[in-house]
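Indexing begins at 1, ligand by ligand and atom by atom, following the structure's order. Note that the numbering runs from 1 along the sequence shown for the chain.
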Amino acid sequence: MSKTAYVRTKPHLNIGTMGHVDHGKTTLTAAITKVLSERGTGTFVPFERIDRAPEEAQRGITINIAHVEYETDTRHYAHVDMPGHADYVKNMVTGAAQLDGAILVVSALDGIMPQTAEHVLLARQVGVDHIVVALNKADAVDDGEDAELTDLVELEVRDLLSAHGYGGDCVPVVRVSGLKALEGDPRWTASIEALLDAVDTYVPMPERYLDAPFLLPVENTFTITGRGTVVTGAVERGSVKVGDRVEVLGADTETVVTGLETFGKPMDSAQAGDNVALLLRGVPRDAVRRGHIVAAPGSATPSRRFSAQVYVLSAGEGGRSTPVTTGYRPQFYIRTADVVGDVDLGETAVARPGDTVTMTVELGRELPLEPGLGFAIREGGRTVGAGTVTEVFS
Ligand SMILES: Nc1nc2c(ncn2[C@@H]2O[C@H](COP(=O)(O)OP(=O)(O)OP(=O)(O)O)[C@@H](O)[C@H]2O)c(=O)[nH]1
Ligand SMILES: [Mg+2]
């Protein structure tokens, strides 16, 4: 049986749920698909199909990012559900790198927690320009005294967003209950509708660079037995068709796209913003991995050295308590890649937590870089810096 092709009827955007562990991102994701399936514009994806790895089920946490799709009246969305646990921030960054907008899930019971703040910072760094807040578990705070506590949580979240340049006063904050909406409680299914309306109206359709040469940062890879290697990710710019030649930067190979799908639906051509799977001819699966870049041949020049403006997080923000000096070798998170890099602080010599400094970085491997590209710096499982590329050296 042949599969039904993807028909582009509405503008497509990439959104996702982020926030601290257990605040209800996966429950909310399932609830959104349930509410929209009842409207007839989506397919219900139950909780256990989102957190489907055995370790996720056993520990009751999300580890891998998961993708679902749905439509509202005006838009088609690909939605990434990201992990909140501190050990899996790495996977969160990969998910966030593809987003046009994010739903920050904050439990009204707990308020801002360490990964709430870390995710906001990382989202800013990887280029997420719009955030909508889901103040979740609103069912568990009663309407009396607790309501004031919820108001406080809302204020705190708005302050946090303002501190990261998200204009916290204007950000929609919607009180929801993913859990009760999943159970079909009408008061709370209405809260999910309100959240989706906020996303539809507050997150603008981003500019898509359709005429630029094709570029896709690889999020994941898998094999279809007998057919070849598939890479997945969101198209950053340009477009690609079945039969096009592409190069895989990182794997140093050139090949042909032999198949193209979005959420299991074949498509003839994919364009900037689309979340796609590309079947590549003759590429062994272990040759290509997360962080590699698939691009129009010759269109992207990889480099190793760049200068950047970097903010070194303070200890209070979860960063280091000691200064950074020349010779420091943390991991750089750029698009979906994480690569080790040598830091040279030049004449500044020392960067203290809380400082903003200029540095030159020499990466352990080449990546396509450009001025304005944001990145995060991590070390030993925590985020220690946030930067922007200012100049690229060949
Ligand atoms: N009362 C209440 N509990 C909720 C709500 N949403 C989620 N929960 C509960 O909170 C716990 C965590 O929910 P998850 O959806 O797994 O949280 P998560 O944010 O995806 O967690 P990670 O992905 O591991 O970071 C579960 O026990 C849920 O049933 C809600 O709206 N109200
Ligand atoms: Mg989860």
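Protein heavy atoms all stay at least 4.0 Å away from atom 27 (O) of ligand 1. Distance remark: protein heavy atom present below 4.0 angstrom from atom 2 (C) of ligand 1.
The S177 neighbourhood of ligand 1 comprises atoms 30 (C), 31 (O), 32 (N), with distances under 4.0 Å to a heavy atom of that residue. Per-residue contacts place H23 under 4.0 angstrom from the following atoms of ligand 1 (heavy atoms of the residue considered): 19 (O). Proximity to D139 (heavy-atom distance under 4.0 Å) selects the following atoms of ligand 1: 1 (N), 2 (C), 30 (C), 31 (O), 32 (N). Close approach of ligand 1 to I61 (heavy-atom distance below 4.0 Å) involves ligand atoms 24 (O). Ligand-side atoms of ligand 1 in range of T26: 15 (O), 18 (P), 20 (O), 23 (O), range being under 4.0 angstrom from any heavy atom.
The closest side-chain heavy-atom distance from M92 to M18 is below 4.5 Å. Annotation: side chain of R378 is not in contact with side chain of P330 (no heavy-atom distance under 4.5 Å). The shortest distance between side-chain heavy atoms of E317 and L121 does not fall below 4.5 Å. Under the 4.5 Å side-chain criterion, counting only non-hydrogen atoms from C-beta, L260 is not in contact with D268. V240 has its side chain out of reach of V294: every pair of non-hydrogen atoms, C-beta onward, lies at least 4.5 Å apart.
Scanning the protein for heavy atoms near atom 23 (O) of ligand 1, the closest one is T62 OG1, 2.7 Å. Summary of contacts: the protein heavy atom closest to atom 19 (O) of ligand 1 is K25 NZ, 2.7 Å. With respect to atom 21 (O) of ligand 1, the closest heavy atom belonging to the protein is D22 N, 3.0 Å. Given atom 15 (O) of ligand 1, the protein heavy atom at minimum distance is T27 OG1, 2.5 Å. At the top of the distance list for atom 17 (O) of ligand 1, counting protein heavy atoms only, stands G24 N, 3.2 Å. Of all protein heavy atoms, the one lying nearest to atom 5 (C) of ligand 1 is L179 CB, 3.5 Å. Here the heavy atom of the protein found nearest to atom 10 (O) of ligand 1 is K137 NZ, 3.1 Å.
Proximity of a side-chain donor or acceptor of H164 to a complementary backbone N or O of Y166 within less than 3.5 Å is not detected.
Here the options are V174, L161, L160, the test is side-chain contact (heavy atoms from CB on, under 4.5 Å), and the partner is V133; only L161 passes. Of the options V126, L369, V339, a side-chain contact (heavy atoms from CB on, under 4.5 Å) to I334 is made by L369 and by none of the others.
Of the heavy atoms in N136, only side-chain atoms (C-beta onward) come closer than 4.0 Å to ligand 1. Under 4.0 angstrom from ligand 1, there are no non-hydrogen atoms of D81.
H67 and F263 have perpendicular rings, their planes meeting at more than 60° on a 0 to 90° scale where under 30° would count as parallel.
Distances between N or O atoms of G84 and those of ligand 1 include at least one value under 3.5 Å. At under 3.5 Å, a nitrogen or oxygen of G178, whether backbone or side chain, sits near a nitrogen or oxygen of ligand 1.
Counting non-hydrogen atoms of neighbouring residues, nucleotides and ligands closer than 6.0 angstrom, the CZ atom of R39 exceeds 12 such neighbours. Around the CZ atom of R304, the shell of radius 6.0 Å holds more than 12 heavy atoms that belong to other residues, nucleotides or ligands.
The shortest heavy-atom distance from W188 to ligand 1 is not under 4.0 Å.
Judged as a side chain to side chain contact (heavy atoms under 4.5 Å, CB included), and not counting sequence neighbours, the contacts of L152 are L149.
With waters left out, the protein N, O or S atoms under 2.8 Å from the Mg ion (ligand 2) add up to 2.
Ion pairing between a basic and an acidic side chain is recognised when a charged N comes within 4.0 Å of a carboxylate O; D129 and R124 show such pairing. In summary, D100 and R208 engage in a salt bridge, as defined by a charged side-chain N under 4.0 Å from a carboxylate O.
Taking the six-membered ring wherever Trp is involved, the centroid distance between the rings of H76 and Y6 falls below 6.0 Å.
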